[in-house]
There are 2 protein chains.
Amino acid sequence: MKNKIKAIRKKLGITQEQLAEDCGVVRQTINCIENNKYDPTLELAFKLSKTLNVKVDELFIYE
Amino acid sequence: MKNKIKAIRKKLGITQEQLAEDCGVVRQTINCIENNKYDPTLELAFKLSKTLNVKVDELFIYE
DNA sequence: TTATTATGTCCAAAGTTCTTGACATATTCA
DNA sequence: TGAATATGTCAAGAACTTTGGACATAATAA
């Protein structure tokens, strides 16, 4: 599963650290997800979507 | 996190077993998710959405 | 250049999801 | 009513996500 987190985060001008804080996780978690080490939980996917102002269906690309 | 899986599944007239097969998981997994024992992984959330013909953002209610 | 900030990566532990196998109850139907 | 199908639940273990701490490199700014 791919995602647009890094691109949207940069467009918003925030760091991995800031995004992590907003979502209640640590920086490494954001880093791993952006670099496709693993997918977030559904709950974190929703938090990321909310913080980045996009739908889950837009933020993640399934297939 | 709540979801509309049971309602949509029944509207489509399929069993937990059939939905499970379509999504590549076992029946207990569907049962647990419908009854809020735990949330699905993001990947399974997308599979469920695809099978039930709704967006992830519609199928799951965050907050 | 030097200091600071941001990002990438590693490891082990803790927590969550999913499976397998099984059994109980509920629902449907002949 | 009895048989078959559907749903609910349990427990142990495998697989995956997240954390905390640490260190390396990259990028930015003074």
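For clarity, every value in this text was computed on a predicted model and none was experimentally measured. The figures here come from the full heavy-atom set of this structure, side chains too, leaving out hydrogens, waters and symmetry mates. Letters A, B, ... mirror the listed sequences (proteins, then strands); counts begin at 1.
- One finds no side-chain N or O of B:Lys47 lying less than 4.0 angstrom from the OP1 or OP2 phosphate oxygen of C:dC18.
- Contact between the side-chain N/O atoms of B:Arg9 and the OP1/OP2 oxygens of D:dT7 is found at a separation under 4.0 Å.
- Among the protein residues, B:Val26 comes within range of the nucleic acid bases, having at least one heavy atom under 4.0 Å from a base atom.
- B:Ser49 contributes a side-chain N or O that, together with a main-chain N or O of B:Ala45, makes up a donor-acceptor pair within less than 3.5 Å.
- Note on A:Lys10: every side-chain N or O is 4.0 Å or more away from OP1 and OP2 of C:dA6.
- When the P atom of D:dT17 is taken as reference, atom CG of B:Asp39 falls 14 Å away, rounded to whole Å.
- Side-chain N/O atoms of B:Thr41 include one lying less than 4.0 angstrom from OP1 or OP2 on C:dC18.
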With salt bridge (Lys or Arg N to Asp or Glu O under 4.0 Å) as the test, would you mind laying out the steps for A:Arg27 and A:Glu21 before giving the verdict? CA-CA 8 Å; A:Arg27 183 180 62 80; A:Glu21 275 176 31; over 6 Å; no

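- The side chain of B:Gln16 contributes an N or O atom lying less than 4.0 Å from OP1 or OP2 of D:dG8.
- For B:Pro40, counting side-chain heavy atoms from C-beta on, the closest listed nucleotide (D:dT17, C:dT9, C:dC18) is C:dC18.
- A donor-acceptor pair under 3.5 Å links the side-chain atoms of B:Asp57 to the main chain of A:Val56, judged by distance alone.
- To the nearest angstrom, P of C:dA26 lies 15 Å from CZ of B:Arg27.
- Among the atoms of the strands shown, base atoms are found under 4.0 Å from some heavy atom of B:Thr29.
- Note that the CE atom of B:Met1 and the CG atom of B:Asn36 stand 9.5 Å from one another [nearest 0.5 Å].
- When each of B:Leu44 and B:Gln28 is assigned the nucleotide of DNA chain C bearing its nearest heavy atom, the one mapping closer to the 5' terminus is B:Leu44.
- To the nearest angstrom, P of D:dT9 lies 15 Å from CD1 of B:Ile33.
- Between the P atom of D:dT5 and the CD atom of B:Glu21 lies a distance of 14 Å, rounded to the nearest Å.
- Computed from coordinates, the A:Leu19 CG to D:dT18 P distance equals 13 Å when rounded to whole Å.
- Per the geometry, CG belonging to B:Asn35 stands 11 Å off P belonging to D:dT7, to the nearest Å.
- Following rounding to the nearest Å, A:Lys37 (NZ) and D:dT19 (C1') show an atom-to-atom distance of 16 Å.
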Determine, step by step, whether A:Ile5 and A:Leu19 satisfy the side chain to side chain contact (heavy atoms under 4.5 Å, CB included) criterion, reporting the C-alpha distance in whole Å, the side-chain angles of both residues, the deciding distance to 0.1 Å, and the verdict. CA-CA 10 Å; A:Ile5 296 174; A:Leu19 179 56; 3.8 Å; yes

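- Between A:Asn31 and C:dG8 there is a side-chain N or O to OP1 or OP2 distance below 4.0 Å.
- Taking atom CG of residue B:Leu42 and atom C1' of nucleotide C:dT16, one finds them 14 Å apart after rounding to whole Å.
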